[in-house]
Participant: 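Below you'll find the structure I mean.
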2 protein chains.
Amino acid sequence: MPTPSSPDPAPEMEIVHLLRAVTVELGLHSARFANQNGMHPTDVRALIALMDARRAGEEMTAGRLGAVLGLNSAGTTALVDRLEQAGQVRRVRAERDRRRVVIEVEERAVELGQAFFGPLIERSVELLRAYDERQLAAIRGFLGGVREAAAEGRE
Amino acid sequence: MPTPSSPDPAPEMEIVHLLRAVTVELGLHSARFANQNGMHPTDVRALIALMDARRAGEEMTAGRLGAVLGLNSAGTTALVDRLEQAGQVRRVRAERDRRRVVIEVEERAVELGQAFFGPLIERSVELLRAYDERQLAAIRGFLGGVREAAAEGRE
DNA sequence: CCCTATTATCTCGCTCAGCAAGATACTCGT
DNA sequence: ACGAGTATCTTGCTGAGCGAGATAATAGGG
């Protein structure tokens with residue numbers, strides 16, 4: 001009898017704990033990337049948000065970036081200052097509305113990120129290739145469902 | 001043509017991005033828990049580590065906790081001070097080796113955590129119940145594989 | 001066309017989490 | 001019982017992020 005006092009948890013709990021463990025491990029992985037490049041966790045999150053926006057073809061302004069990261073305006077300015085000084089990002093005043101500052105990632109930062117996260121991403125894609133469409137649908141469904149459940153209650 | 005300049009990425013990338021999105025969303029979820037209770041992200045991570053240890057039936061000392069969270073000894077002391085003052089944790093000098101300080105979570109913190117994370121966990125278990133054993137094996141395999149890949153290069 | 005309300009970013013002063021270095025307290029092998 | 005080793009705590013400091021408010025640009029009603 002492994003844990004005699006516990007009320008025999010559902011077998012699904014194993015996967016729930018596994019998902020949590022993965023998020024912890026990915027967080028530590030990002031932290032290593034931050035350390036190696038003299039950055040802070042928030043800087044990494046910012047770069048990820050910026051690259052997501054770029055891939056989606058959307059402009060990322062200082063304000064939107066701060067909102068995504070949960071920073072106020074002062075913190076956002078400091079963050080962009082830091083990233084700009086490190087040469088990972090540049091400020092571009094918007095032509096149309098010159099109050100807005102569009103943040104663009106430098107090619108340098110993109111390459112840095114790919115060099116570090118590339119192997120992990122490749123390994124993940126490899127793992128997925130071993131599964132059939134029904135299994136992939138399950139993975140998609142589970143992850144999407146958890147994301148939705150976690151996103152609930154965001155004001 | 002959605003993104004004419006991109007080199008047509010593997011369809012598996014969708015799931016990789018989805019996993020990253022889930023980790024971001026879970027991070028924000030934890031941050032909300034921290035905010036609502038006047039805590040900091042590190043405090044939440046500490047409570048999670050403590051409850052994991054408790055479930056595994058292991059003692060968690062100040063030193064081990066600091067190592068898990070990547071804090072040095074000063075930061076660890078400050079962290080435990082904070083949690084103790086908030087009544088979420090108690091210090092217990094070990095009988096055998098009185099240099100060691102075992103950290104135990106107060107029942108109050110466990111209940112707080114279950115009240116907040118319970119619904120999300122329950123929803124996740126529900127999602128999983130919709131899949132057959134072959135699909136669950138795929139989810140386990142993928143998450144476990146990513147965890148292992150991310151854990152590589154941890155000194 | 002000006003004047004006001006609104007929006008977007010930045011500046012200033014501060015708080016507090018976490019770090020480096022070292023002090024303190026306890027244990028164990030010889 | 002003493003010196004090396006281990007676990008935690010103390011001190012002083014750095015810097016990320018916050019609150020409040022300044023600055024700059026736009027949009028709309030008179």
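From a predicted model like this one, the values you see are computed outputs, not experimental measurements. Just so we're on the same page: letters track the sequence lines, and every chain starts at 1.
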Participant: Can you check whether A/Leu19 reaches A/Phe142 side chain to side chain, under 4.5 Å on heavy atoms?
Facilitator: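 Yes, at least one pair of side-chain atoms sits under 4.5 Å.
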
Participant: Distance check needed: D/dA16 C1' versus A/Met39 CE, whole Å only.
Facilitator: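 Going from A/Met39 (CE) to D/dA16 (C1'), I get 14 Å.
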
Participant: Would one find a side-chain N or O of A/Arg91 under 4.0 angstrom from OP1 or OP2 of C/dC10?
Facilitator: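 Affirmative; the distance criterion is met.
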
Participant: How would you summarise protein contacts on nucleotides 23-30 of chain C per nucleotide, using B for base, S for sugar-phosphate only and - for none, with heavy-atom distances below 4.0 Å?
Facilitator: --BBS---

Participant: Starting from P on C/dC16, measure out to CD on B/Gln85 and report it in whole angstrom.
Facilitator: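 Computing the B/Gln85:CD to C/dC16:P distance gives 12 Å.
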
Participant: In whole Å, I'd like the distance from the CE atom of B/Met60 to the P atom of D/dT8.
Facilitator: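 From B/Met60 CE to D/dT8 P: 11 Å.
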
Participant: Taking the basic N atoms (NZ, or NE/NH1/NH2) and the acidic carboxylate oxygens, is any pair closer than 4.0 Å for B/Arg90 and B/Glu107?
Facilitator: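 Answer for the salt bridge query: no.
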
Participant: Between A/Arg82 and B/Gly63, which is nearer to the 5' end of DNA chain D once each is assigned its nearest nucleotide?
Facilitator: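 Looking at the nearest nucleotide for each, B/Gly63 comes out on the 5' side.
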
Participant: If I take atom CZ in residue A/Arg64 and atom P in nucleotide C/dA8, what distance separates them, rounded to the nearest angstrom?
Facilitator: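 Going from A/Arg64 (CZ) to C/dA8 (P), I get 12 Å.
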
Participant: What integer distance in Å separates B/Arg45:CZ from C/dA17:P?
Facilitator: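 Rounded to the whole Å, the gap is 15 Å.
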
Participant: Find the distance A/His40:NE2 to C/dG18:C1' and express it as a whole number of Å.
Facilitator: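 Distance check: A/His40 NE2 to C/dG18 C1' gives 11 Å.
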
Participant: Find the distance A/Glu59:CD to C/dT9:P and express it as a whole number of Å.
Facilitator: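 Atom-to-atom, A/Glu59 to C/dT9, this comes out as 11 Å.
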
Participant: Let me have the donor-acceptor pairs involving side chains of residues 118-129 of chain B, under 3.5 Å, with sequence neighbours excluded, atom names and distances please.
Facilitator:
from, atom 1, to, atom 2, distance (Å)
B/Arg123, NH1, B/Glu126, OE1, 3.3
B/Ser124, OG, B/Leu120, O, 2.9

Participant: Sorted by first residue and then second, give each ring-ring contact (aromatic ring centres under 6.0 Å, His included) pair with at least one member in residues 44-70 of chain A; sequence neighbours left out.
Facilitator: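 Pairs touching residues 44-70 of chain A that pass the test: none.
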
Participant: Using a strict cut-off of less than 4.0 Å between a Lys/Arg side-chain nitrogen and an Asp/Glu carboxylate oxygen, indicate whether B/Arg140 and B/Glu133 qualify as a salt bridge.
Facilitator: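 So B/Arg140 pairs with B/Glu133 through a salt bridge.
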
Participant: Requiring both pairing distances under 3.5 angstrom, list the stems that contain DNA chain C and are made of three or more consecutive Watson-Crick or G-U pairs.
Facilitator: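 Detected stem regions: C:1-30 with D:1-30.
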
Participant: Evaluate the criterion side chain to side chain contact (heavy atoms under 4.5 Å, CB included) for residue pair A/Leu69 and A/Thr76; output intermediate values, then yes/no.
Facilitator: CA-CA 9 Å; A/Leu69 302 178; A/Thr76 304; over 6 Å; no

Participant: Between A/Leu79 and A/Leu65, is a side chain to side chain contact (heavy atoms under 4.5 Å, CB included) present by the stated rule, with each step listed?
Facilitator: CA-CA 10 Å; A/Leu79 165 70; A/Leu65 180 62; 4.1 Å; yes

Participant: Got a sec? Which of residues 69-78 of chain B come in under 4.0 Å of DNA chain D, heavy atoms?
Facilitator: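 Heavy-atom contacts with DNA chain D come from B/Ser73, B/Ala74, B/Thr77.
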
Participant: Rounded to the nearest Å, what distance is computed from the CG atom of residue B/Leu79 to the P atom of nucleotide C/dC19?
Facilitator: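 Rounded to the whole Å, the gap is 11 Å.
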
Participant: Kindly state each residue pair satisfying side-chain hydrogen bond (donor to acceptor under 3.5 Å, both in side chains) with at least one member in residues 77-87 of chain B, sequence neighbours excluded.
Facilitator: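 As it turns out, the side-chain hydrogen bond (donor to acceptor under 3.5 Å, both in side chains) pairs with a partner in residues 77-87 of chain B, which skip direct neighbours, are B/Asp43-B/Arg82, B/Asp81-B/Arg91, B/Glu84-B/Arg91.
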
